[in-house]
Amino acid sequence: MAGPAEGPHVPVLLRPLLAAVAPVSGVWVDGTFGAGGYARGLLDAGAAQVIGIDRDPAVFDMARPWAGDYGDRLRLVQGTFSDLDALAGGPVDGVVLDLGVSSMQLDQPQRGFSFLRDGPLDMRMAQDGDSAADLLNSADEALIADVLYHYGEERAARRIARAIVAARPLSTTGQLAEVVQSCLPRPKPGQSHPATRSFQAIRIWVNDEFGQLVAGLAAAERALAPGGRLAVVSFHSLEDRIVKRFMQSRANAAGGGSRYAPEVVHGAAAFTLPFRRAIGADDAELAENPRARSAFLRVAVRTDAPAGSADPAALGLPTLPGAG
C-alpha cells in the first residue's frame with residue numbers, strides 16, 4: 001500500500017467498477033472512504049463531486065496530503081454508510097461500497113485487526129464502543145461460539161469458544177491467534193491462517209457489519225436519483241449473499257413462489273440489474289493484487305420507483321440465536 005505522501009492505494013476491482021458504471025458523472029458517495037482509492041478513481045473518471053464517508057476518523061488525517069488537490073470536488077464526512085442518505089444531504093448519482101476491513105487498517109498493529117501483527121485486541125473501525133477484548137472477556141461461551149459459527153462459518157466454533165473462555169482475560173491479537181491455532185490442525189501449504197475465520201467473525205461482531213450492510217443498502221436506495229448506480233465490492237460469501245439478495249429483491253428478480261410457498265407480490269422495482277452475475281478480477285489484477293481473488297462486484301441501477309424496504313431475514317442476514 002502506498003503511504004499518504006504517495007497518494008491512495010489502488011483498491012481491488014477499480015477498473016471493472018469504473019467500466020461497469022460508465023460514464024461517471026454527477027455526485028457520488030464513497031461510503032467506505034478508507035485510503036481514498038475509489039473516490040480518487042471516480043473523480044479522475046469524471047465525477048463532479050465525491051462525498052467520502054468513513055466511520056474511522058484516522059482515514060481523513062491520512063488523506064490530508066492529497067485530498068486538497070481536488071478542492072471542493074471532494075467532501076469528507078465522518079459517519080457510517082448506514083446513514084449515507086442523510087450525510088449526503090440530497091439525491092446522488094452513484095454509491096460505491098467496499099465492504100470489510102481495509103488493508104490500511106490491517107497494516108496498523110495498534111488497531112488490532114490482524115492476526116499476523118501483535119497488537120491490542122481492539123478491532124473497532126470507529127474507535128469507540130466495546131472493543132474485541134471487552135466482548136470476548138465478558139461474553140459467555142455459548143455466545144462466542146455462535147459468533148464464530150454464524151459470522152465466520154467456523155466449524156470448530158465451540159472448541160475455540162471454550163478455549164477463549166479458559167484463556168481469559170485476553171488483551172492482544174497474538175494471544176487470541178495462539179488460542180485459535182491451538183484448537184485447529186496445522187494448515188497445509190496454500191491454506192489460510194487458522195485464525196482467519198475467527199478474526200473475521202469477531203470483527204464483524206464488534207462493528208455490527210452485517211446490520212450496517214443491510215441499513216447501508218437501504219440508505220443507498222433512498223439516496224440514489226433515477227438512473228443512479230449502486231456498486232458494491234464484497235470479499236466473502238456471507239456479504240456477497242446479502243448484497244445479491246438485496247439487489248435481486250429490490251429488482252423483483254428473486255424468483256416467484258412455488259407449490260410450497262405463495263408467490264410474493266412485488267411493488268414497482270427499485271433497481272434494474274445490468275449484469276446477471278458478480279464481476280471478478282481479471283488475470284492482470286490477480287497478478288498485481290492476490291487479495292482480489294476473493295472479491296465480488298455487483299452493480300444495480302436505480303429506477304424512479306419509490307424507495308422501499310427489504311426484510312433482513314430474507315436477505316440471508318446471519319443472526320445469533322436468541323438475539324433480538
Side-chain angles (χ1 to χ4, degrees), residues 31-32 53 55 79-86 95-101 123-126 129-130 132 135 139 142-155 157 161 196-224 230-258 261-262 264-267 269-271 273 277-278 294-300 302 307-324:
T32 48
I53 298 171
R55 65 199 300 187
T80 59
F81 61 68
S82 57
D83 297 321
L84 70 85
D85 53 332
V95 172
V96 59
L97 302 175
D98 176 14
L99 307 179
V101 66
M123 301 194 192
R124 295 173 298 174
M125 291 183 180
D130 289 334
L135 294 175
L143 176 56
I144 296 172
D146 284 339
V147 167
L148 299 178
Y149 182 77
H150 291 281
Y151 290 175
E153 299 180 306
E154 174 56 71
R155 289 178 291 182
T196 299
R197 292 179 181 273
S198 294
F199 269 66
Q200 170 191 296
I202 295 164
R203 188 202 76 223
I204 289 170
W205 183 29
V206 169
N207 296 287
D208 185 28
E209 290 181 35
F210 290 139
Q212 286 287 316
L213 174 54
V214 172
L217 293 170
E221 180 176 331
R222 294 192 298 269
L224 284 164
L230 170 61
V232 185
V233 176
S234 57
F235 288 89
H236 63 76
S237 58
L238 293 175
E239 290 174 337
D240 183 58
R241 182 177 68 190
I242 294 170
V243 175
K244 175 183 177 180
R245 290 185 179 180
F246 173 84
M247 290 184 174
Q248 289 181 335
S249 169
R250 302 304 298 135
N252 291 349
S258 70
V264 178
V265 178
H266 298 288
F271 287 98
L273 305 180
R277 298 178 180 175
S294 61
F296 303 92
L297 165 65
R298 293 189 183 273
V299 177
R302 189 71 170 88
S309 61
D311 177 10
L315 301 182
L317 181 69
T319 57
L320 302 180

Query - Other residues, nucleotides, ligands: >12 heavy atoms within 6.0 Å of Tyr149 OH - result: no
Report task. Before giving the answer on side-chain contact (heavy atoms from CB on, under 4.5 Å), spell out for Phe296 and Val232 the whole-Å C-alpha distance, their side-chain angles and the decisive distance to 0.1 Å. Result -> CA-CA 8 Å; Phe296 303 92; Val232 185; over 6 Å; no
Report summary line: Given the options Val299, Leu217, Val96, Leu230 meets side-chain contact (heavy atoms from CB on, under 4.5 Å) only with Leu217
Query raised in the report: For the side chain of Arg302 and the backbone of Ala270, is there at least one donor-acceptor N/O pair under 3.5 Å apart?
Result: yes
Report task. Please examine the side chains of Tyr151 and Gln200, heavy atoms only from C-beta on, and report whether any two atoms are closer than 4.5 Å. Result -> no
Query raised in the report: Is there a side-chain contact (heavy atoms from CB on, under 4.5 Å) between Phe271 and Met247 once you walk through the steps?
Result: CA-CA 7 Å; Phe271 287 98; Met247 290 184 174; over 6 Å; no
Report task. Using a 4.5 Å cut-off on heavy atoms from C-beta on, say whether the side chain of Glu153 contacts that of Ser237. Result -> yes
Query - Closest non-hydrogen atom pair, Leu273 against Ala251 - result: CG-CB, 3.8 Å
Report summary line: All heavy atoms of Ile144 vs all of Ala161, minimum pair found to be CG2-CB, 3.8 Å
Query raised in the report: Is the closest side-chain heavy-atom distance between Gln212 and Arg55 below 4.5 Å?
Result: yes
Report task. Only one of Leu238, Thr319, Leu315 passes side-chain contact (heavy atoms from CB on, under 4.5 Å) with Phe210; say which it is. Result -> Leu238
Report summary line: For Glu154, the side chain to side chain donor-acceptor pair (under 3.5 Å) test, sequence neighbours excluded, returns none
**Report entry** Arg203 side chain to Met123 backbone, donor-acceptor under 3.5 Å
**Finding:** no
Query raised in the report: Quick one: does Asp311's side chain have a donor or acceptor within less than 3.5 Å of a partner on Ala313's backbone?
Result: yes
Query raised in the report: So among Leu84, Asp83, Asp85, which one has a side-chain contact (heavy atoms from CB on, under 4.5 Å) with Phe81?
Result: Leu84
Query raised in the report: How close do Gly267 and Asn252 get, heavy atom to heavy atom, and via which atoms?
Result: O-ND2, 2.7 Å
Query raised in the report: Can you tell which of Ile204, Val233, Leu99 makes a side-chain contact (heavy atoms from CB on, under 4.5 Å) with Glu239?
Result: Leu99
Query raised in the report: So do the side chains of Pro318 and Ile242 get within less than 4.5 Å of each other, counting heavy atoms only?
Result: yes
Query raised in the report: Is there a donor-acceptor pair closer than 3.5 Å between any side-chain N or O of Asp146 and the backbone N or O of Leu320?
Result: no
Query - Nearest non-hydrogen partners of Ala219 and Ser82, listed with the distance - result: CB-O, 3.4 Å
Report task. Please test Arg298 against Arg277 for side-chain contact (heavy atoms from CB on, under 4.5 Å), starting from the C-alpha separation and ending with a verdict. Result -> CA-CA 7 Å; Arg298 293 189 183 273; Arg277 298 178 180 175; 5.5 Å; no
Query - Side chain to side chain, Asp130 and Val206, heavy atoms closer than 4.5 Å - result: no
**Report entry** Sidechain-backbone polar pair: Arg124 side chain, Gly129 backbone, donor-acceptor under 3.5 Å
**Finding:** yes
